[in-house]
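I have placed the structure first, in the form of structure tokens, so that the comments after it can refer back to it.
Naming: A, B, ... by sequence-line order, numbering from 1 per chain.
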Amino acid sequence: MNSFFITTPIYYVNAKPHLGHAYTTVVADAMARYHKLIGQETMFLTGTDEHGDKIVQAAEKEGKTPKEFVDAISARFRALWPQLDVANDRFVRTTDPEHISAVQAFLQKVYDAGDIYFGEFGGHYCYGCERFYTEKELENGLCPQHLTKPEFISEKNYFFRMSKYLPWLKEHITANPSFIRPERYRSEVLAMLESGALEDLCISRPKSRLTWGIELPFDKDYVCYVWFDALLNYISALDWPDGDAFKKFWPGEHLVAKDILKPHAVFWPTMLKSAGLPQYEHLNVHGYWLVRDTKMSKSLGNVVEPSDMAQRFGPDAFRYFLLREMHFGSDASFSDEALVGRINADLANDLGNLFSRVLSMTAKYFGSRVPMPAQLQEDDKAIADLCANSMRNFVQLFGNVQFAQGLESLWELVRALNKYVDTQAPWALYKQGNMERLATVMYVMLAAMRKTALCLWPVMPVASGKMLAQLAQPVQEGMPPVANIEDEIGHFDGLEPGLVVAESSNLFPRIEVKKEAAEAKEPKPQKKAQDKKADKPQEKAAPSTATSPAEGDTAAPAAKPNVEFDQFKALDLRVGTVKVAEKHPNADRILRLEIDFGEGELRQILSGLAEHYAPEDMVGKRVCAVLNLAPRKIRGLVSHGMVLTAGSDNALGLLAVDRDVPDGSEIA
RNA sequence: GGCAAGGUAGCUCAGUUGGUCAGAGCAUGCGGUUCAUACCCGCAGUGUCGGGGGUUCAAAUCCCUCCCUUGCUACCA
């Protein structure tokens with residue numbers, strides 16, 4: 001197989017690009033370059049996802065049409081990639097006409113195959129669960145959780161018969177250990193399949209509710225629901241069904257963050273299966289970057305900006321850090337100190353200094369001409385062997401998406417070269433006038449440095465080019481430095497004696513740290529799911545949709561329609577004092593409160609505060625609540641009202657009254 | 001609460017099927033060197049390999065149990 005196709009997810013354009021996007025895209029770029037470096041023709045695709053409710057709302061807010069809005073944000077993504085030396089071959093947008101027609105062709109194909117049906121059932125909607133139940137799931141016609149009668153919602157939709165292919169999928173994943181990698185995510189998907197929780201997939205929305213989407217070819221009253229639309233970018237961008245690119249590059253592999261594992265590991269393969277298309281080769285799943293939280297918030301402007309990092313430290317160093325610091329698949333922690341540490345230790349001290357010292361000696365001893373080596377001795381052969389080993393490991397590990405390990409393997413060589421300089425002591429040979437030996441030693445180092453620079457091209461394309469240029473190697477921008485790096489492993493020559501190399505080198509200047517240490521003392525790393533929001537559709541899960549996109553982006557929620565004053569007056573809002581607070585015995589997130597509203601007896605209200613307030617801290621607190629909500633049973637206890645809070649999971653607070661008013665006071 | 005993955009030197013992590021497996025890099029201390037980006041090289045560590053119990057001649061590595069972390073999941077009217 002001599003072609004290679006890699007994709008990032010198409011990024012959801014409701015916000016600007018952040019570290020998570022940058023990581024995924026840089027990794028994809030490095031993979032694409034790696035495959036070029038082993039002699040394959042590659043296609044690297046990224047793009048933007050531009051359909052869905054959230055987009056319409058965000059556009060309205062800015063007084064733009066959805067199209068105007070997505071044009072602007074999509075452009076921002078596209079503008080970022082060159083700053084990170086990312087060279088994608090194509091950029092797909094779900095609003096491209098070619099994409100739209102491909103989605104419709106695909107839908108028609110699956111429809112004709114009988115795998116799409118109109119959803120007659122699945123209309124039993126429980127408001128408590130915010131989901132639909134099938135007849136089978138109901139207990140005596142009631143919601144099994146709330147024991148209430150679900151409402152039959154008449155909104156019908158089209159469903160993809162995904163369940164039909166789940167047994168096949170399980171076999172496929174079992175039979176192909178690297179279909180989903182690393183292993184942990186493969187197990188996760190298998191567990192998902194075992195659990196039997198997956199059902200058919202809702203793939204439509206009525207136009208009455210959502211118009212910003214792709215019309216179904218077999219029903220003009222419906223548009224395609226997000227995932228179906230979004231996933232198909234991977235082949236629409238290859239000009240499926242008829243394009244040459246598809247024939248040439250499919251199947252390829254995908255790169256995603258762990259939050260969108262399910263759609264890529266379950267929806268997408270079953271879709272391909274239904275349409276009779278070959279499966280992708282690999283789904284490569286990475287973790288999150290956690291960011292040290294110095295009260296990180298948008299208001300403090302403390303968020304990690306990829307373009308900012310690239311400007312401050314250079315795209316090469318930033319890319320190196322991303323690939324070296326994160327063990328692919330696991331989460332990693334991002335901080336300026338870690339970044340500076342890597343740059344100084346690995347790039348400046350080890351690699352940069354190696355180039356500097358060797359080139360400077362070559363200038364001094366041989367007028368910057370690559371000397372002709374004599375017979376290699378033991379020490380020299382040891383370096384040559386190590387060089388071959390490091391390269392072999394590097395190539396193999398990179399192919400296995402083990403980027404950190406691959407780089408580590410290469411650095412074994414870099415460190416050994418620094419040591420070799422010390423043990424051979426060229427300056428001593430020079431003083432002794434042992435020019436033959438000196439020539440050999442210098443040649444060994446220069447040759448090994450060349451090999452190192454070749455390997456680094458996928459990771460640091462510009463710096464690699466500079467290193468090679470310093471070694472008088474031909475470099476053509478955008479092209480891999482050699483036709484196939486694997487041909488470079490078996491032999492140690494490749495550097496022509498007589499070439500004139502650079503006199504000095506300052507590839508990676510040390511970054512002096514002074515005040516940075518002071519700033520970064522106390523705060524503990526806090527979880528910050530970088531990728532979470534942007535890559536996935538935002539609409540609430542609907543009938544049988546397995547995804548449940550996370551809500552709660554930092555942007556304020558969209559405005560709601562006006563209500564009449566009477567409707568507001570209908571609410572019985574009051575102030576009360578918490579007298580009793582304890583954890584709900586059967587629910588982790590819920591506190592059971594008994595609150596005095598001046599009613600003569602305490603009122604029991606259940607509230608999802610357990611993750612934000614300790615029970616003992618609640619006692620004595622004055623709270624605001626809605627009293628006349630219909631009582632609801634939650635996990636065995638009944639709640640007679642709702643405590644008012646503001647904020648989201650990240651930062652949640654209770655509403656309070658700023659003066660002392662009696663319990664039971666009305667809020668108006 | 002259920003399911004899953006983890007807890008190994010100050011930090012980030014390696015440790016295949018139980019027997020040099022107690023390691024690497026960074027950071028720290030001491031020494032060396034001078035070609036070099038105050039760099040590089042050498043040496044030195046510290047670790048009850050989360051706690052406890054068990055199997056075994058032998059366990060970080062297998063079993064049980066407990067604790068903690070993370071993710072997914074349910075309840076948050």
Could you tell me whether [X] contacts a base, only the sugar-phosphate backbone, or nothing, with contacts defined as non-hydrogen atoms closer than 4.0 Å?
X	value
H640(A)	nothing
S356(A)	base
F508(A)	base
G352(A)	base
D346(A)	nothing
R342(A)	nothing
N418(A)	sugar-phosphate
L507(A)	base

Measure [atom1]/[X] against [atom2]/[N] and give the value in whole Å, please.
X	N	atom1	atom2	result
L446(A)	C35(B)	CG	C1'	13 Å
W411(A)	C26(B)	CH2	P	13 Å
Q405(A)	A14(B)	CD	P	8 Å
H327(A)	C26(B)	NE2	P	14 Å
D259(A)	U73(B)	CG	P	11 Å
E408(A)	G23(B)	CD	P	18 Å
L261(A)	A5(B)	CG	P	14 Å
L190(A)	A5(B)	CG	P	12 Å

Measuring only the [atom1] atom in each nucleotide, how far is [N] from [M]? A whole number of Å is fine.
N	M	atom1	result
A14(B)	C57(B)	C1'	29 Å
G52(B)	C43(B)	P	34 Å
A22(B)	G15(B)	C1'	9 Å
A38(B)	U48(B)	P	38 Å
U61(B)	G19(B)	P	11 Å
C72(B)	A9(B)	P	27 Å
C67(B)	U56(B)	P	28 Å
C21(B)	A60(B)	P	13 Å

### Task
Find which nucleotide of RNA chain B each of V643(A) and V358(A) is nearest to by heavy atoms, and output the residue with the more 5' nucleotide.
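The residue whose closest nucleotide sits nearer the 5' end is V358(A).
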When you get a sec, tell me which of [options] is the closest nucleotide to the side chain of [X]?
X	options	value
W427(A)	U34(B), C75(B), A36(B)	U34(B)
V421(A)	C35(B), G71(B), U37(B)	C35(B)
S360(A)	U33(B), A36(B), U37(B)	A36(B)

### Task
Could you walk me through whether F334(A) and F321(A) pass ring-ring contact (aromatic ring centres under 6.0 Å, His included), step by step?
CA-CA 10 Å; F334(A) 187 96; F321(A) 174 80; 5.5 Å; yes
### Task
Taking atom types as modelled, find out whether R184(A) and S330(A) have a side-chain donor-acceptor pair closer than 3.5 angstrom.
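Short answer, yes.
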### Query
Have Y443(A) and D380(A) got a donor and an acceptor in their side chains that come within less than 3.5 Å?
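No, because no side-chain N or O of Y443(A) sits under 3.5 Å from a partner of the opposite role on D380(A).
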### Query
Just wondering, more than 12 heavy atoms not from E378(A) lying within 6.0 Å of its CD?
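No, CD of E378(A) has 12 or fewer neighbouring heavy atoms, counting only those of other groups under 6.0 Å.
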### Query
Heavy-atom count around E503(A) CD within 6.0 Å, excluding the residue itself: above 12?
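Open: at most 12 neighbouring heavy atoms sit under 6.0 Å from CD of E503(A).
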Find the partner of [N]: check Watson-Crick (N1-N3 plus N6-O4 or O6-N4) and G-U wobble (N1-O2, O6-N3) distances, both under 3.5 Å, and reply none if neither fits.
N	result
U33(B)	none
G47(B)	none
C26(B)	G10(B)
U70(B)	A4(B)

### Query
So D336(A) and R312(A), salt bridge (charged side-chain N to carboxylate O under 4.0 Å, His left out) or not? Walk me through it.
CA-CA 11 Å; D336(A) 275 13; R312(A) 279 171 66 197; 2.8 Å; yes
### Task
Compare side-chain N and O positions of K419(A) against OP1 and OP2 of G42(B) and report whether any pair is under 4.0 Å apart.
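For G42(B), OP1/OP2 do have a side-chain N/O of K419(A) under 4.0 Å.
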### Query
OP1, OP2 of C40(B) versus side-chain N and O of N349(A): anything below 4.0 Å?
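The answer is yes; a side-chain N or O of N349(A) sits under 4.0 Å from OP1 or OP2.
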### Query
Do I595(A) and K579(A) come close enough that some side-chain heavy atom pair is under 4.5 Å?
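Sidechains of K579(A) and I595(A): no contact.
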### Test salt bridge (charged side-chain N to carboxylate O under 4.0 Å, His left out) applied to E594(A) and R603(A), step by step
CA-CA 5 Å; E594(A) 289 184 40; R603(A) 178 181 280 258; over 6 Å; no
